[in-house]
Amino acid sequence: MDTTVARYHEAMCRKSADALADLYAEDAVHEFPFSTPGFPPRLEGREAIRETYRAMWGASPVVLDRVGDVVTHRTTDPEVVIVEQVATGTVGGPGGPRFDMPGLLVLRIRDGVITHCRDYLDGLALTELASS
């Protein structure tokens, strides 16, 4: 599980939709329980995850430097892990406004691949960052 989480964070920092999608099962579901303007609340299937992240990251001026302050919590279900994290970066690259955005992931990982993700991020803050 820890390897999958580390690879997830690496894909985020590289804005690699392919590396991220390859972590998911073919029929995986990725949900965003908090509303994010212009972003679907649910992605169904690896290819939908790939295409949505490719479009989102391709259009975003947000540059992620790192994902830190990572704390993983095991649950009574051996397939489920809860991940606290803080994404740190800039808007528009070097010299742009800096940010630290906390987030929470609830991941179901079976046989080394993500089958379900609930991604709790502050969608309004993300939208404001991207438009600043």
_With sequence neighbours excluded, residues passing salt bridge (Lys or Arg N to Asp or Glu O under 4.0 Å) with Arg108_ = Asp77, Glu79
_Non-neighbouring partners of Arg7 that pass side-chain hydrogen bond (donor to acceptor under 3.5 Å, both in side chains), sequence neighbours left out_ = none
*Sequence-distant partners of Thr115, side-chain hydrogen bond (donor to acceptor under 3.5 Å, both in side chains), two or more places apart*: none
*asked:* For Glu84, give me all partners under salt bridge (Lys or Arg N to Asp or Glu O under 4.0 Å), at least two apart in sequence or on another chain.
replied: none
*Output all residues satisfying side-chain contact (heavy atoms from CB on, under 4.5 Å) with Pro40, sequence neighbours left out; order by chain, then residue number.*
Leu43, Thr52
*Residues forming a side-chain contact (heavy atoms from CB on, under 4.5 Å) with Ala55, sequence neighbours excluded*: none
*Please list, chain by chain and in numerical order, all residues satisfying ring pair (Phe, Tyr, Trp, His ring centres under 6.0 Å) with Tyr8, sequence neighbours excluded.*
none
_Please list all pairs meeting salt bridge (charged side-chain N to carboxylate O under 4.0 Å, His left out) that have one or both residues in residues 55-72, counting only residues at least two apart or in different chains._
Asp65-Arg98
_In terms of relative ring orientation, are Tyr53 and His30 parallel, tilted or perpendicular, with 30° and 60° separating the classes?_
perpendicular
*Of all residues at least two apart in sequence or in a different chain, which pass the side-chain hydrogen bond (donor to acceptor under 3.5 Å, both in side chains) check with Asp27?*
none
_With sequence neighbours excluded, residues passing side-chain contact (heavy atoms from CB on, under 4.5 Å) with Asp111_ = none
*Qualifying residues under side-chain contact (heavy atoms from CB on, under 4.5 Å), relative to Ala11, sequence neighbours excluded*: Ala19, Leu20
*Which residue pairs satisfy the ring pair (Phe, Tyr, Trp, His ring centres under 6.0 Å) criterion with at least one member in residues 63-89, sequence neighbours excluded?*
none
